[in-house]
Amino acid sequence: MSFPEPADLSDLSVAPASAETVSRKETPESVLADLNSSQREAAQTTEGPVLVVAGPGSGKTRMLMHRIAYLLATQRARPWEILALTFTNKAAREMRSRIDRLAGPAARDLWMGTFHSIFARVLRMEGERIGYGRDFSIYDTDDSERVLRQLMQRADIDAKQYAPRSIRNMLSGAKNRMKSPEEYARSAFGPFQQVAAQLYGLYEEALRTANAMDFDDLLLKPIALFNQHPDALEKYRARWKYLHIDEYQDTNHAQYKLVNLLAGGHKNICVVGDDAQSIYAFRGADIANILSFRRDYPKAVTVRLEQNYRSTGNILRLAESIIGHNRDRIEKNLWTENGEGEPVSLIEAESEREEAQKIEREIRSARAAFGYGYEYFAVFYRTNAQSRSIEDALRQGGVPYRVVGGLSFYQRKEVKDMLAYLRLLINPGDLASLRRVINYPARGIGARTFEWLAAFAEDRQCTVWEAIEQAALAGLPPQGERAVVAFREMMRQHMRQVEAGAPVEDVARSLTEATGLARQLQQDGTPEESLARWQNVQELIGAIAEYAADNPEERTLSTFLQEMALRTDLDDMDDEARVTLMTLHASKGLEFPVAFVTGLEEGLFPISMAMQEQDAVEEERRLFYVGATRAAKQLYLSWARSRFRFGSSSPSVRSRFLDEIDGGVVRAPGGSPIAQRKGRFQADPEETFDIPKNSSYDQMAPHYYRRNLAAPARKANGRTVVYEEGEGAIAPGRCVDHPKFGQGEVLSVEGHGEQMRAVIAFQEAGRKKIMLKYAQLRLVEQ
DNA sequence: AGCATTGCACTTTTT
DNA sequence: GTGCAATGCT
């Protein structure tokens, strides 16, 4: 993706619209010609706030493109006066291709992209005003976790007890809510939050010294910039006279703030969204942003896009029956002129393997029957781990596929290593990257040597790289010093090359040799693995070369690295004839003729963590809604009676969602109507379940409890499977049998539900602390 | 310091 | 099953 940067924004904002801005072929009328009346209204209301409430498949992205085109064609706006914020890079690219045709070369000044990439770009230009170097590193989740892990080690916090991943999520939440470390510390409740509070300040400090920003910073720092420097805000307000925000229901608080700051003056803001498709609350998205838009902008014009162009009547009816179970929503009347189409199919399977095989067979037969290409099919799942069984079945059936997400290209170890080296070249203060590569491949700078350098840096209040530059003063043992000096010289040499303006791909290629990465990769793992890794590194270098060719301006490397950090492999989706596999979250905004929504089982979809809270279940339901509405012609739902999870297979219960949906449009295999049990999971437990009063069930996590009740305790060799029997069954004094450790006596029990652990003294294996969720304990009858 | 081996915790979704 | 972190050996 290329982001040419006009040298001086203030000049551009007063530049007159020039003749070549708008292509002669497009007139305001021709732009509006292929829109329906609602879409046209939204596109033509160019002044003042506009709220577009759009159902799935209503052509909202199309409407947005036309709106921008209309602004240009009527000469109301010049390209640089328009800002379009999208949810994915892919959406931005699709819009851009249309605008490019319309505005020609001038379209390069029209800023269009995700919040993160747009504001990374703003920070590149303005970050120095708030103390960030232009070549700042962008830390992804993985980098942030590493930083936290380091901090925890130094602060003597047990990373096992307080998972860095959860801490990171908590801090991210705090940052999104714009809570300072001090404020957070004041309101921290319970040990987990206190640990997070303790780390918050240190984490922020670590990132700042490293001249690094995490994903949240990319939104927060611009807010800080605008608050501290009103002239900067004025400059951007004056420049962007028309704001467009897609998927507004998924904006978080920081994004909301940014939008309001920028729209504050002219209020020419058009937001588009569907509250029913809000699925990112877990990362701070606040559905209230869209629900209260009219309160924020009382003069807002509301337009509803309710006609669905994508799906058949049956699919739409199913979708409405899903979302109808949610309380909090804006009522919409979706309709379509498309025919009823085929009924929705339900696939029931014994195991996840069989589920996958049935999907594979459906794909092959639909392909043969209707002449669909493989690219017509998509398989959605709730968790990335589910892709494996589907992949296996497709591979066996010879069906080509692609997996979107999961471990993407830029997250592979060898790619991240290479990126870390490159980041260091332009941002030597980047401690996380330095740590990552200083001794990989091994070059004799071990933990002790690193500690030495870190202590020296601490002492001198400088970065570790600066300590390395003065290695001779640090008093290192000669061996360590030699290694550090060699590393320093190697890096310096490449830094000089970058500064001298050498082609970045050449620098990168030279780095693979000089660092020993090439050699290391060639000897690691099996020949195939090592070849694949080496090819990934080559592919990265190829990407750099390509980027450099497209973007001949200065600072190519730093811009490339920043953009890479924000890239997802959804952006790289091609149109090759392959079946697409992805999570339901990743499917948002996409469309396929045939879609499979798989794993409709309690605890998986809805996911167990969500089952405890009504709000979370509603979000799961919206996720189901999003998945179902991706399908244009044919929708399949599937579930398996048993599923292999956490290293063992366990029985599963079909999802409540299957009981909620409109059974009239769904057909089981063979064409029979599906069996449903309405109200199976409703709140009043006495009706549906037989629960002993005052039992330990009262305190159980709902997921656990439902699973237990729905799948009655299994008997295995005449003995009860403890986890499934429930919390009360395992108590101090009881004897249990563990598949690996053999028999033992329970000494103590702690935690509840999923978190429940027990200390057990095994006869042979000794004393162990075991998580009941994973251990398949059985009670020994005495 | 660097390697191999074992053990252990762990799977929600992501810009 | 997987991936990483601690452990122990060279």
Side-chain angles (χ1 to χ4, degrees), chain A residues 85-92 113-120 138-142 144-146 149 153 158-161 163-166 168-169 172 176 213-219 247 250-252 254-255 279-285 380-389 404-408 411 413 439-450 477 479-480 483 565-571 582-588 599 603-611 616 619-620 622-623 626-627 643-649 740 754 757 765 768-771 773-775:
Chain A
L85 294 163
T86 58
F87 191 71
T88 60
N89 290 316
K90 188 170 181 284
T114 61
F115 272 89
H116 289 84
S117 64
I118 293 286
F119 289 103
I138 296 178
Y139 281 5
D140 65 11
T141 312
D142 188 60
S144 301
E145 272 175 39
R146 276 164 191 273
R149 204 174 280 276
Q153 213 168 62
D158 184 6
K160 277 177 189 152
Q161 207 172 350
R165 156 96 60 84
S166 325
R168 194 210 75 95
N169 285 340
S172 173
N176 275 323
M213 305 218 194
D214 63 15
F215 286 139
D216 304 313
D217 288 332
L218 292 177
L219 306 173
E247 309 283 13
D250 283 319
T251 50
N252 64 27
Q255 289 166 325
I279 55 173
Y280 282 100
F282 72 89
R283 72 174 202 219
F380 306 137
Y381 34 78
R382 178 67 239 266
T383 66
N384 279 307
Q386 284 164 259
S387 77
R388 179 184 296 270
S389 56
V404 176
L407 197 64
S408 76
Q411 288 171 346
K413 185 184 179 307
N439 201 30
Y440 181 81
R443 53 173 70 88
I445 310 178
R448 274 193 79 83
T449 311
F450 192 86
Q479 252 184 337
L566 298 174
R567 190 147 184 166
T568 64
D569 64 358
L570 201 58
D571 304 325
M582 59 170 79
T583 62
L584 287 147
H585 282 90
S587 78
K588 193 165 78 160
L604 186 62
F605 194 23
I607 197 109
S608 54
M609 292 82 174
M611 292 164 70
E619 177 144 320
E620 295 287 301
R622 290 193 293 269
L623 191 55
V626 166
R643 186 168 293 275
F644 196 84
R645 277 180 96 190
F646 314 121
S648 71
S649 193
K740 268 197 206 115
E754 296 260 292
R757 300 162 210 264
K768 304 257 184 235
K769 191 184 215 175
I770 284 173
M771 255 183 122
K773 185 166 74 151
Y774 300 112

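Here is the naming used below: chain letters follow the sequence lines, and residue numbers restart at 1 for every chain.
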Any non-hydrogen side-chain atom of A:Met213 less than 4.5 Å from a side-chain atom of A:Phe119?
no

Is any side-chain N or O of A:Asn169 closer than 4.0 Å to OP1 or OP2 of B:dT13? no

*At under 4.0 Å between heavy atoms, what does A:Ala447 touch on the DNA or RNA strands: base, sugar-phosphate, or nothing?*
sugar-phosphate

- Side chain to side chain, A:Met611 and A:Glu620, heavy atoms closer than 4.5 Å: no

Is A:Thr583 close enough to B:dT14 that one of its side-chain N or O atoms is under 4.0 Å from OP1 or OP2 there? yes

Using a cut-off of under 3.5 Å, enumerate the N/O to N/O pairs linking the protein to nucleotides 3-7 of chain C.
unit_1	atom_1	unit_2	atom_2	d
C:dA5	OP1	A:Arg149	NE	3.4
C:dA5	OP1	A:Arg149	NH1	3.2

* For the residue pair A:Ile279 and A:His585, establish whether any side-chain heavy-atom pair is separated by less than 4.5 Å. => yes

**Prompt:** Which part of the nucleic acid, if any, lies within reach of A:Asn384 when heavy atoms closer than 4.0 Å are counted: base, sugar-phosphate only, or nothing?
**Reply:** sugar-phosphate

By nearest-nucleotide position on DNA chain B, the 5'-leaning member of A:His585 and A:Thr449 is A:Thr449

Checking B:dC3, B:dT12, C:dT2 against the side chain of A:Ala442 (C-beta onward), the nearest is B:dC3

Practice task
Mind checking A:Tyr280 for me? I need base, sugar-phosphate or nothing, with any heavy atom below 4.0 Å counting as a touch.
Solution key: sugar-phosphate

Could you tell me how the ring of A:Phe87 sits relative to the ring of A:Tyr280: parallel (under 30°), tilted (30 to 60°) or perpendicular (over 60°)? tilted

Testing B:dT13, B:dA1, B:dT15 for proximity to the side chain of A:Thr141, the answer is B:dT15

Report task. Name the nucleic acid region contacted by A:Ala385, choosing base, sugar-phosphate or nothing; use a 4.0 angstrom heavy-atom cut-off, strictly under. Result -> base

Applying a 4.0 Å non-hydrogen cut-off, can you work out what A:Arg443 is touching in the nucleic acid: base, sugar-phosphate, or nothing? sugar-phosphate

Taking any heavy-atom pair under 4.0 Å as a contact, classify A:Asp140: base, sugar-phosphate, or nothing.
nothing

Across all chains, not counting sequence neighbours, the salt bridge (Lys or Arg N to Asp or Glu O under 4.0 Å) partners of A:Glu247 are A:Lys60, A:Lys588

Heavy atoms under 4.0 Å, any strand shown: does A:Leu566 hit a base, just sugar-phosphate, or nothing? nothing

Per atom distances to the A:Arg448 side chain, the nearest of B:dT12, B:dT14, B:dA1 is B:dA1

